[in-house]
Amino acid sequence: MIVYLDNAATTPLDERVFEAMKPYLLQNHGNPSSIHQHGRMVRSAVERARKTVADILNVAPAEVFFTSGGTETNNTIIKNAIKSRGITHAITSKIEHHAVLHALEYLQKEGKIALHFVEMDGRGRLDLVSLQKLLQTHRPAFVSLMHANNEIGNYNDVQLIGELCRENQAFFHSDMVQSLGHTDIDLSKLNIHSIAGSAHKFHGPKGIGLMYINAEMRIPPLLIGGGQERNMRGGTENVAGIIGLAKALELAYAEKEANQNHLLQLKNYTIHKLSEKFSDICYNGLSADLENSLHKVLSLSIPGIDDNDMLLFNLDINGISVSGGSACASGTSIGSHVLDALHLPPNTGALRVSFSKFNTQEEIDYFIEKLAVAIL
Ligand code: PLP
């Protein structure tokens, strides 16, 4: 049996998305910047895709830009919102994705910003009092706090964070790569100035993402070129990718309830079965808290897993793809910075199991059976 349980890393393309993209790979090959008919028809498809995305997020199409993915969007916003606004303080958390953390650390190293971290507890819950203090001390600040964490699934309360940022005139960017396509996001109701999204996390193609920037918070582009994306991102558009992103997002929200019920049921089932089999299992972060974490992510540690690589290898040879991670002794380059930040005992092995709408209960049974053989 081949079982893919690494959907927080990337998801398989939905065939309907592929069908929507196909004409833009095979027939409609015009460059959207060309003014002849081949170009014009592709341009209108790109603008329809932008409108689809904008409607889902409840923003204006002019506030949506297509990029190569979450990494590019986070880099664009972090580097250029900070630079163009003359901001000298940035606030983030230790469990952000490296696309955020490393971009901020780069600016810190260059002497452009002082970097501050919001305190959090051992389950990765942000201490909003600590955020408030940082915001009051460092005005105006750039804040980058993700909507949902890719390793432990924790949701952050972006509504409340947005309010705190508004009160303290901070620029609020949120990496929504893991939550977009999985939970409702109405940006008209949130004080968020920019977000990052990525199609391959919701059954779209890889290498295409989106950037929302509030119309009142314009920033310069990172990639300078032919003035594409209304001068916000130079480079000929990844047309098929854009069509695929919009189709995948449309499907994700049209079918959200059914998908979420399925994921919730799978997660519940997995927790139940694992807890039955391994009495000393621990779930990391809020990943076993069904209300406050992504339904697709479950992070677990089982005492006695001291060689995580061997366990992953063992599962892999049985056809099972999951993700690993460990809290590493400080100073080593391997391991998970997220689990480290939760202060898990050093070398605690962890597995991240992440589900999609395509997974079944039989696959979970198979995974648990092989996990038990490997550990017990
Ligand atoms: N942010 C988060 C939270 C992610 O999980 C990822 C991908 O794993 C990224 C950013 C990077 O996105 P991309 O792969 O589109 O560059």
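We're numbering straight along the sequence, starting at 1. Counting starts at 1 for both ligands and their atoms, in listed order.
L145 and I78 fall into different hydrophobic clusters, where Ile, Leu, Val, Met, Phe, Trp and Tyr are joined by side-chain heavy atoms under 4.5 Å apart, directly or via other members. Criterion: ILVMFWY side-chain heavy atoms under 4.5 Å apart, direct or through other members. Under it, I95 and I91 are part of a common hydrophobic cluster. Cluster annotation: I242 is connected to L180 through the hydrophobic network of ILVMFWY side chains, with a link wherever side-chain heavy atoms come within less than 4.5 Å.
A donor-acceptor pair is defined here as one N or O able to donate and one able to accept, closer than 3.5 Å; such a pair exists between the side chain of N359 and the backbone of Y4.
Counting the atoms of ligand 1 from 1 in the order shown, those under 4.0 Å from a heavy atom of M146 are 3 (C). Below 4.0 Å from some heavy atom of S198 lie the following atoms of ligand 1, by number and element: 13 (P), 15 (O). Near G69, the atoms of ligand 1 lying under 4.0 angstrom from a non-hydrogen atom of the residue are 15 (O).
The closest protein non-hydrogen atom to atom 5 (O) of ligand 1 is Q178 NE2, 2.8 Å. Ranking protein heavy atoms by distance to atom 7 (C) of ligand 1, first place goes to K201 NZ, 2.8 Å. Annotation: atom 4 (C) of ligand 1 to nearest protein heavy atom, H97 CD2, 3.2 Å. Scanning the protein heavy atoms around atom 13 (P) of ligand 1, the nearest turns out to be G70 N, 3.5 Å. In terms of protein heavy-atom proximity, atom 11 (C) of ligand 1 is nearest to T71 OG1, 3.5 Å.
Taking any N or O of S68, backbone or side chain, none lies under 3.5 Å from an N or O belonging to ligand 1. Note: an N/O pair closer than 3.5 Å links D175 and ligand 1 by distance alone.
R352 pairs with exactly one of N150, N284, D6 by the side chain to side chain donor-acceptor pair (under 3.5 Å) rule, that one being D6.
Using a 4.5 Å heavy-atom cutoff, the side chains of F142 and I77 are in contact.
F358 and H203 have perpendicular rings, their planes meeting at more than 60° on a 0 to 90° scale where under 30° would count as parallel. In this structure, H38 and H36 have perpendicular ring planes: the angle between them is above 60°, well past the 30° mark.
Environment of NZ in K94: sparse, with no more than 12 heavy atoms of neighbouring residues, nucleotides or ligands closer than 6.0 Å.
Residue contacts with ligand 1: E96 is excluded, as none of its non-hydrogen atoms falls under 4.0 Å.
Counting heavy atoms closer than 4.0 Å to ligand 1, residue H200 contributes side-chain atoms (C-beta onward) but none from N, CA, C or O. If you look at N150 next to ligand 1, the close heavy atoms, those under 4.0 Å, all belong to the side chain.
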